[in-house]
Engineer: 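Following this message is one structure expressed as structure tokens.
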Amino acid sequence: MIGRCRSVVLTGLAGHVIDVEAHVARGLPAFTIVGLPDASLAEAKDRVRAAVASSGVEWPRQRITVNLSPASLPKSGPTTDLAKHKF
């Protein structure tokens, strides 16, 4: 695992804290989001890639997996893009 952060997703009016974990491994370059993401999170790949490019950091040429847990909780919206680092 390369990092773990926290974010909040809304289900109706209730907020739920989720963990956002990123893992970089050897393999063909890919960016995968797992953990019951909805269709709007498919765009997160492009937003994250643009943010990394804008920061001047080179995008890894490896397999990147982002896990959103708990997996049983539906996740939607861009709040997972700006997850806060857990201290």
Engineer: How long is the span from the CZ atom in Arg4 to the OG atom in Ser69, to the nearest 0.5 Å?
Structural biologist: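 Separation between the atoms: 7.5 Å.
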Engineer: About how many Å separate CZ of Arg49 and CD1 of Ile64, when rounded to the nearest 0.5 Å?
Structural biologist: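 Between Ile64 CD1 and Arg49 CZ, I get 7.0 Å after rounding to 0.5 Å.
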Engineer: If we only count heavy atoms from C-beta on, is the Phe31 to Asp46 side-chain gap below 4.5 Å?
Structural biologist: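 Of all side-chain heavy-atom pairs linking Asp46 with Phe31, none is under 4.5 Å.
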Engineer: Contact between His23 and Asn67 at the side-chain level, heavy atoms closer than 4.5 Å - yes or no?
Structural biologist: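 His23 does not reach Asn67 side chain to side chain.
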Engineer: Please tell me whether Val34 and Val9 are part of a single hydrophobic cluster in this structure, the criterion being side-chain heavy atoms less than 4.5 Å apart.
Structural biologist: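 Different clusters: Val34 never reaches Val9 through Ile, Leu, Val, Met, Phe, Trp or Tyr contacts under 4.5 Å.
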Engineer: Measuring from Arg6:CZ to Ile18:CD1, what's the distance to the nearest 0.5 Å?
Structural biologist: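 So the gap between those two atoms works out to 10.5 Å.
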Engineer: Applying side-chain contact (heavy atoms from CB on, under 4.5 Å) between Leu73 and each of Thr11, Leu68, Leu36, report the one that passes.
Structural biologist: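 Testing each of Thr11, Leu68, Leu36 against Leu73, the sole residue satisfying side-chain contact (heavy atoms from CB on, under 4.5 Å) is Thr11.
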Engineer: What's the spacing between Gln62 CD and Leu28 CG if we round to 0.5 Å?
Structural biologist: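 Here the interatomic distance stands at 11.5 Å.
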Engineer: Of the non-hydrogen atoms in Ile33 and Ala44, which two are nearest, and what is the gap between them?
Structural biologist: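 Closest pair (atom of Ile33, atom of Ala44, distance): CD1-CB, 4.1 Å.
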Engineer: In terms of hydrophobic clusters joined by side-chain contacts under 4.5 Å, are Val20 and Val24 together?
Structural biologist: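 Linked, Val20 and Val24 end up in one cluster.
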